Each structure stands twice: as C-alpha cells, then as structure tokens.
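Read the structure below first, then the notes.
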Amino acid sequence: MQKTVNSTEFRKMVASGARMLEINRTKIDALNVFPVPDGDTGTNMSLTMQSAVKEMNACSSNRFQEICDSVSKGALKGARGNSGVISSQIFRGICSVIKNVNDTFDTRTFAKAIEAGAKVAYGAVATPKEGTILTVVRLMAESAGKLAGKHKDFVEYLNALIAVGDEALAKTPELLPVLKKAGVVDSGGVGLMTIMRGFLAALSGDESVLGDIPTEASANVKTEDEVFGDNSDIINLDLGDIEFAYCTEFFVINLKQMTTLADIDKLKEKLMQIGDSVICIGDLELVKVHVHTNTPGVALSYALELGELDRIKIENMLEENRALKAKLEAEKREMGMLAICAGAGLEEIFKDLLCDRIIKGGQTMNPSAQDIADAVQKINASNVFVFPNNSNVILAAEQAKGLVTNRTIHVIPTKNVPQGFAAALAFNPEASVPENKTNMTHAIDNVSSGQVTRAVRETTMNGFKLKEGDIIGLDNKRILAKGAEVGETTIKLIHALKNDEHEMITLYYGEGVTEEDAEALAAKLSEIYPDCDVDFHFGGQPVYYYMVSLE
C-alpha cells in the first residue's frame with residue numbers, strides 16, 4: 001500500500017500524464033467540436049504539458065516548492081488554446097497546494113490540490129461553460145475529499161477519483177448541445193482524464209490503465225465502438241455558428257512599472273466586450289491572454305497599455321473550419337453501411353465486414369429514429385445502407401430518412417443479425433447503389449435464422465404449452481422448439497429450420513453460454529449433419545443464448 005507520494009514520484013506523475021496525453025493526442029483532437037470544431041484540443045493540451053515537463057526537468061532541486069513552481073510556470077508558458085490554458089490553471093491550483101508540503105503528501109492533501117485546481121481553473125475563465133473540462137474537474141473536486149477519507153492507498157484513491165471523472169465526462173453532452181449533436185463527450189475532459197490515468201500509471205507501474213475513457217454521448221446516443229470517436233459531424237456544422245473568427249493568443253511581458261493587478265482584471269473586462277472564450281491570467285511578471293474575437297488588433301492594443309507583447313499567435317478559425325470541411329468533403333464516399341445490434345462479438349463481426357458504424361440496439365433496446373439518423377450523419381458517405389437487424393427497428397430506420405437531409409438512407413429490411421451479416425457480405429464498393437441494394441435484399445432471402453431464449457411467462461403459443469423458464473427456439477414469426485436445456489433446444493430449432501439446400505450452419509453464442517459449450521454443440525451438430533459445415537462465433541448478445549444461421 002502506498003499512502004504517500006514523494007517529490008520524485010510527483011515528478012514521475014507529471015511526466016507520465018504528459019506522455020499519456022501525447023500518445024493519445026490525435027485521438028483527442030478527433031473529438032474536438034467545442035468551442036469550434038478545429039480538431040486541436042489534444043495537441044494544445046499535449047504541448048502545454050510538454051512545456052511543464054520541460055521546465056520541471058530543468059529544475060535541479062527536488063524540493064516540492066521548486067518543482068511545483070517550475071511545473072506551474074512551464075504549463076503557463078506553453079499553454080495553447082482554451083483547453084491548454086485551462087489545463088495550465090488546473091495544474092497551477094494543484095501545485096499551489098503541493099508546493100507547501102515538506103517530504104511527502106497523502107490522499108487528503110491531493111484532494112485539496114484537486115479542489116484548488118478546479119477553483120483556479122474556474123476563476124481563470126471569464127464565462128465558465130459547463131459541459132467542458134471545467135465540469136469534469138469540478139465534479140472530481142467535489143468528491144475528492146470524501147474519497148480521500150475512504151482510501152488511504154494512492155492507487156485505490158486514483159482509481160476511485162478517475163471513476164468519478166469518467167462519470168462526469170459521460171454527462172458533458174447533456175450540458176453542451178453541440179457535444180450531444182456530435183455524439184461525443186468533451187475533448188478537453190478526455191484530455192484531463194488521460195492525464196489522470198498517467199498519474200495512476202506512474203504510481204501503479206501499470207501502463208494499461210488508460211482503459212476505456214468514455215468518449216461518446218452514451219446516455220442518449222448509442223455507441224458503435226469503444227474508440228475515441230471521430231469528428232465527422234463537423235461536416236454538418238454551419239460555418240455561421242462561429243461568431244468570432246480569430247483565435248488570438250499572446251503573452252504580456254516586461255509589464256510597465258505602473259501596471260497593477262487591477263489593470264490585468266480591467267484588461268480581461270475589455271476583452272470580454274470584444275469577444276468570447278476570454279482567459280487573462282498571470283501576475284506582474286507574466287500575463288497569458290487568450291480570446292476569440294473579430295478584432296485581434298484591438299485586443300493587442302489593449303494589452304500594449306500594460307507592457308510588451310510576446311509570442312503573438314492569431315489563427316483564422318473560419319478558414320481552419322473550411323479546410324477541415326473541405327477535407328471531409330474530399331474524402332466523402334459514395335456508399336457506407338450502418339448496422340444495429342447488441343453484443344460485443346456481433347459488433348466486431350460487422351466491423352470486420354466493413355460497416356462504418358454500429359449502434360447498440362435489438363430486442364428490448366430499440367434505437368429511435370433520431371438515434372439512427374444521428375449515426376447516419378456521422379458516416380461520410382452520400383448513401384448509407386442501414387441494417388436494422390430486428391423487425392421492431394425497421395420502421396424507425398424508415399422514419400430516420402425524414403430526419404437526414406444531406407445523406408440518402410437505404411433501409412435493407414434485415415429482421416435479424418444473420419440477415420445483416422449476409423447483406424453486409426453482399427456489399428460491393430465497385431457496384432452502383434441500386435445494384436448493391438438489390439444484391440443485399442436478395443442475400444437476406446437466402447438466410448434461414450432463429451434464436452434460442454427463455455420463456456418469461458406461462459402461455460400457450462404456436463402449439464407449445466410453455467411455462468416460465470422453458471428454453472424456446474423461434475424464428476422471426478413463431479416458436480419452433482421447446483426444451484429444458486439450451487443445447488437440446490438449439491438442435492431442435494435447427495432441425496425445424498433446415499432444408500436440403502442448406503450447406504452451412506453458424507452459431508453465434510451470447511450471454512450465459514461459454515465458448516466450451518458452443519464448441520461442444522458445434523461438434524454435435526457436425527455429427528448430426530455431416531454434409532454441412534458447422535461454425536461458431538462469439539456474439540455476446542443479451543436475451544438470446546444462441547443466434548443460428550443456415551445458408
């Protein structure tokens with residue numbers, strides 16, 4: 001158990017956080033849609049952290065005072081963009097607490113440091129926006145003290161704190177509509193949680209702790225894979241949404257002798273009158289300014305009243321957005337595919353079949369028309385084939401057509417996952433849209449499929465008298481088999497489905513079935529049907545023990 005952290009270990013934490021951030025920089029960039037979709041959050045935060053590490057490494061002392069001063073100064077000097085500047089202020093607050101300890105600090109002290117980081121970060125932003133990195137650090141800070149009371153071990157404490165941060169991150173789309181529209185969480189928040197995992201890796205020695213940072217708006221937008229998402233939704237954003245065109249950043253150095261701290265506050269107030277995303281932080285030695293404005297020259301002239309200007313950077317965000325939209329438009333394909341299913345194994349198979357996106361859905365968890373439309377919007381293709389893979393989802397998929405204006409949705413009426421696989425296999429990128437649609441529709445006609453599940457109540461149906469708990473096999477319309485055991489019922493179902501033309505039997509095993517069970521059942525089926533090829537795959541689907549396909 002590690003109850004305290006010394007200065008050498010703190011150095012490792014900062015360096016590890018920076019390294020984790022750099023490794024995942026491009027993934028975080030891809031999530032960036034707020035305040036403008038310029039795809040640079042990961043880069044800005046990484047450069048900020050690298051500057052902090054560079055300054056820290058140049059510090060020869062191993063006293064917390066000097067180390068923390070160097071980290072704070074380096075982060076401020078290297079801060080870029082909203083996310084970078086806010087990150088620098090989080091570290092400024094953290095360091096303001098840790099610098100005062102002597103030899104080591106415990107989880108209670110670190111909790112106070114996180115609280116200070118949130119407070120300083122909020123104070124640095126003229127108009128704090130919820131649903132951003134600020135929300136994530138605030139909610140972590142609110143739980144930090146309580147968690148410290150429960151966890152003395154630092155590894156346990158950081159794991160608990162990260163869990164709180166992940167939960168806060170998952171909520172950001174509910175607080176910021178542009179995130180919800182894009183179906184992603186806040187990129188700055190992902191960057192912060194990446195740094196936190198870097199802290200944990202330094203103390204635990206386990207670099208696999210990066211884990212599954214929540215990156216999508218999981219509360220209302222069905223996820224399609226556990227990756228860092230993409231910014232394909234940017235192509236649907238209106239350039240007119242960007243009110244202030246120029247991201248303006250600079251330092252004020254060599255401040256005039258008559259300049260006071262009150263003058264720095266007045267500068268912030270003036271900047272707020274000509275733009276937004278205003279950050280004006282520092283002291284009488286160095287002031288960092290960030291503002292989005294249509295009059296960068298005015299911002300510079302205001303700052304010149306305080307001192308000299310250094311490292312001026314003015315970026316045209318409208319042009320950056322145009323360039324990104326042009327890139328996405330140039331990469332736009334004629335056709336794409338979207339599948340709906342539930343089960344990690346089934347999702348992986350659809351990915352292997354080159355489906356562009358997969359959203360969760362199926363029996364008992366039908367996605368809405370809006371969910372489907374949102375997912376289609378993120379596929380950079382003019383025509384999107386949608387595989388509902390459930391009778392209850394087909395209508396919602398058809399209704400999604402009216403919710404999408406810049407894509408054409410083609411619903412292939414797949415009633416189950418095996419039909420969806422057959423349709424995806426029939427896709428030919430060299431063929432035309434009508435040809436593919438025809439081939440996919442014909443392909444699903446050649447698949448006989450069924451599912452094995454458990455009866456949830458006593459009833460009589462399709463000639464079977466059922467009681468709760470019976471294992472039943474059914475196709476898309478009726479019950480075909482009943483038994484006391486899963487394997488036995490699956491064999492009965494396949495017997496009911498099979499005809500002389502079928503040459504292949506495929507099992508997709510779901511929750512409640514082991515790989516050994518599936519392998520044994522496949523071997524038994526090979527004995528029963530020696531003229532058929534029998535295969536089995538992990539599906540991971542809920543509700544159904546097995547999905548079976550006969551072709």
Side-chain angles (χ1 to χ4, degrees), residues 5-29 40-101 105 110 113-114 116-117 120-121 124 133 137 187-188 190-203 207 210 247 249-254 279 281-283 285-290 308-313 315:
V5 171
N6 61 33
S7 58
T8 299
E9 290 166 330
F10 179 66
R11 282 179 179 266
K12 291 179 180 178
M13 289 171 65
V14 176
S16 180
R19 187 160 59 85
M20 283 283 196
L21 197 56
E22 175 57 23
I23 290 172
N24 294 283
R25 172 175 53 83
T26 56
K27 296 177 182 179
I28 299 170
D29 280 344
D40 62 358
T41 293
T43 297
N44 287 339
M45 292 183 72
S46 180
L47 291 172
T48 301
M49 287 298 295
Q50 287 178 37
S51 178
V53 171
K54 181 179 179 181
E55 199 80 21
M56 179 182 70
N57 290 340
C59 176
S60 58
S61 171
N62 214 27
R63 293 177 63 245
F64 275 117
Q65 174 80 47
E66 285 78 11
I67 293 172
C68 288
D69 284 345
S70 64
V71 169
S72 184
K73 181 180 179 182
L76 179 59
K77 288 171 65 176
R80 302 191 183 199
N82 263 345
S83 53
V85 175
I86 293 173
S87 300
S88 76
Q89 295 309 287
I90 292 174
F91 269 87
R92 180 185 178 190
I94 290 173
C95 289
S96 70
V97 172
I98 294 178
K99 68 187 292 184
N100 295 318
V101 304
F105 61 87
F110 191 73
I114 292 293
V120 172
I133 184 175
V137 72
S187 54
V190 173
L192 177 60
M193 297 316 300
T194 302
I195 294 171
M196 293 297 296
R197 281 168 165 79
F199 288 177
L200 177 58
L203 296 183
E207 295 203 354
L210 188 61
C247 177
E249 289 185 273
F250 54 86
F251 286 95
V252 184
I253 62 174
N254 297 328
I279 300 177
I281 51 178
D283 50 33
E285 292 185 3
L286 180 70
V287 178
K288 170 73 176 182
V289 174
H290 173 279
E308 300 174 7
L309 304 186
D310 186 40
R311 293 169 63 179
I312 300 171
K313 180 170 72 75
E315 294 180 346

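When a residue number appears, it is its place in the shown sequence, counting from 1. Note: hydrogens, waters and symmetry copies are ignored here, and every other heavy atom, side chains too, is used. Note that the structure is a prediction, hence the values are computed from the model and not measured.
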Please tell me if the side chains of Arg19 and Met49 come closer than 4.5 Å, counting only heavy atoms from C-beta onward.
no
Considering all heavy atoms, the nearest Thr48-Ser88 contact
CG2-CB, 4.2 Å
Atom CZ in Phe250, atom CD in Glu308: separation rounded to 0.5 Å?
13.5 Å
If you compare all heavy atoms of Cys59 against all heavy atoms of Ser70, which two are closest, and at what distance to 0.1 Å?
CB-OG, 3.8 Å
What is the ring orientation for Phe105 with Phe110, classed by angle as parallel under 30°, tilted 30 to 60°, or perpendicular over 60°?
parallel
With sequence neighbours excluded, residues passing salt bridge (charged side-chain N to carboxylate O under 4.0 Å, His left out) with Glu22:
Arg25
Can you name the one residue among Ile67, Asn62, Leu203 that meets side chain to side chain contact (heavy atoms under 4.5 Å, CB included) with Phe10?
Ile67
When you measure from the side chain of Ser16 to the backbone of Phe199, do you find a donor-acceptor pair of N or O atoms at a distance under 3.5 Å?
no
Nearest 0.5 Å, please: how far is SG in Cys95 from CD in Gln89?
11.0 Å
For Glu9, which residues count as a salt bridge (charged side-chain N to carboxylate O under 4.0 Å, His left out) partner, sequence neighbours excluded?
none
Cation-pi check for Phe64 against Lys99: NZ or CZ below 6.0 Å from the six-membered ring centre and within 45 degrees of the axis, yes or no?
no
Rounded to the nearest 0.5 angstrom, the CG-CD1 distance for Asn24 and Ile195 is 11.0 Å
Could you grab the distance from atom CZ of Arg197 to atom CG of Leu192, nearest 0.5 Å is fine?
10.5 Å
Under a 4.5 Å cut-off applied to non-hydrogen side-chain atoms, are Glu55 and Val71 in contact?
no
Would you check if Ser83 and Ile133 make a side-chain contact, meaning some heavy-atom pair closer than 4.5 Å?
no
Partners passing side-chain contact (heavy atoms from CB on, under 4.5 Å) against Ala116 (at least two apart in sequence or in another chain)
Ser96, Val97
What distance separates Met193 CE from Leu21 CG, expressed to the nearest 0.5 Å?
12.5 Å
Trace of the side chain to side chain contact (heavy atoms under 4.5 Å, CB included) decision for Lys27 with Thr194:
CA-CA 11 Å; Lys27 296 177 182 179; Thr194 302; over 6 Å; no
Determine whether Val120 and Ile90 make a side-chain contact, defined as any pair of heavy atoms from C-beta on separated by less than 4.5 Å.
no
Closest heavy-atom pair, Ala202 versus Lys12, reported as atoms and distance to 0.1 Å, is CB-O, 3.6 Å
Within this structure, what is the CG-CG distance for the pair Leu286 and Leu76, rounded to the nearest 0.5 Å?
5.0 Å
How about NZ on Lys54, more than 12 heavy atoms from neighbouring residues, nucleotides or ligands closer than 6.0 Å, or not?
no
Begin from the C-alpha positions of Ser46 and Gln50 and carry the test side-chain hydrogen bond (donor to acceptor under 3.5 Å, both in side chains) through to its verdict.
CA-CA 6 Å; Ser46 180; Gln50 287 178 37; 2.9 Å; yes
For Ile98 versus Cys68, what's the shortest heavy-atom pair and its separation?
CG2-SG, 3.7 Å
Minimum heavy-atom separation for Glu66 and Ser61, please, with both atom names.
OE1-OG, 3.4 Å
Residue pair Leu200 / Met196, side-chain heavy-atom distance below 4.5 Å:
no
Which heavy atom of Ser187 sits nearest a heavy atom of Thr41, and at what distance?
OG-OG1, 3.0 Å
